[in-house]
Amino acid sequence: MFRAVFRLPVTVARSLARSQPSYSAPLASRCYSHGKVETDEEFDARWVTYFSKPDIDAWELRKGMNTLIGYDLVPEAKILDSALRACRRLNDLASAIRILEAVRDKAGPHKDIYPYLLQELKPTLTELGISTPEELGLDKL
């Protein structure tokens with residue numbers, strides 16, 4: 001008798017489970033932005049324009065460099081040239097040297113990037129009178 005009482009709900013539950021239509025999950029779709037993708041040249045031009053502003057102040061310089069270093073890239077020489085010139089306009093030698101240190105750290109294990117950037121920036125560094133961290137002995141600390 002007890003078997004019949006327990007068997008009835010189980011059979012009812014099984015029949016209900018079978019009669020329910022099964023739905024398959026919809027395919028996942030990615031919703032990408034429909035905005036314009038910025039090219040490398042536009043990216044470089046945007047940052048050169050940012051650092052070339054004649055009324056840039058020290059906070060904007062630091063903010064721009066922090067944002068730029070936060071990207072997953074090593075900045076091009078023309079962007080760094082513009083940033084170093086902004087440092088000179090602000091008479092901020094410490095920020096100029098910090099920019100060079102940040103680029104050296106950003107290059108990471110790729111030992112050929114930093115010397116290439118120094119080679120490209122050498123005329124600017126000479127013109128502005130900025131010494132590299134290696135010339136100042138800061139790489140040995």
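Here the structure is a predicted model, which means the values were calculated and not measured.
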Atom of [X], atom of [Y] and distance for their closest heavy-atom approach:
{"X": "L61", "Y": "A83", "answer": "CD1-O, 4.0 Å"}
{"X": "G64", "Y": "F51", "answer": "C-CZ, 3.9 Å"}
{"X": "T132", "Y": "L125", "answer": "CG2-CD1, 3.8 Å"}
{"X": "E42", "Y": "V37", "answer": "OE1-O, 4.0 Å"}
{"X": "C87", "Y": "I99", "answer": "SG-CD1, 3.6 Å"}
{"X": "A77", "Y": "E120", "answer": "CB-CB, 3.7 Å"}

Using 0.5 Å steps for rounding, measure from the [atom1] atom of [X] to the [atom2] atom of [Y].
{"X": "L84", "Y": "I97", "atom1": "CG", "atom2": "CD1", "answer": "10.0 Å"}
{"X": "L121", "Y": "Q119", "atom1": "CG", "atom2": "CD", "answer": "10.0 Å"}
{"X": "L136", "Y": "L100", "atom1": "CG", "atom2": "CG", "answer": "9.5 Å"}

So, R98 and E101, do they make that salt bridge, N to O below 4.0 Å?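 Result for this pair is yes, salt bridge flagged.
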For D40 and E76: C-alpha separation, side-chain torsions, deciding distance, then whether side-chain contact (heavy atoms from CB on, under 4.5 Å) applies. CA-CA 10 Å; D40 291 341; E76 288 286 332; over 6 Å; no
Stepwise side-chain contact (heavy atoms from CB on, under 4.5 Å) check, V74 with H110: CA-CA 11 Å; V74 178; H110 307 288; over 6 Å; no
Using a 4.5 Å cut-off on heavy atoms from C-beta on, say whether the side chain of D139 contacts that of P133. no
Quick check with a 6.0 Å cut-off and a 45 degree axis cone: is K53 positioned over the face of Y50's six-membered ring? yes
Quick check on [X]: does its [atom1] atom have over 12 non-hydrogen neighbours (other residues, nucleotides or ligands) under 6.0 Å away?
{"X": "Y116", "atom1": "OH", "answer": "no"}
{"X": "R88", "atom1": "CZ", "answer": "no"}
{"X": "D55", "atom1": "CG", "answer": "yes"}

Side chains of K122 and T126, donor plus acceptor under 3.5 Å: no
Identified side-chain contact (heavy atoms from CB on, under 4.5 Å) partner of P75 from the options L117, D81, L68: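 Among L117, D81, L68, the one meeting side-chain contact (heavy atoms from CB on, under 4.5 Å) with P75 is L68.
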Whether K78 side chain and V48 backbone form a donor-acceptor pair below 3.5 Å: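 It does not hold such a pair.
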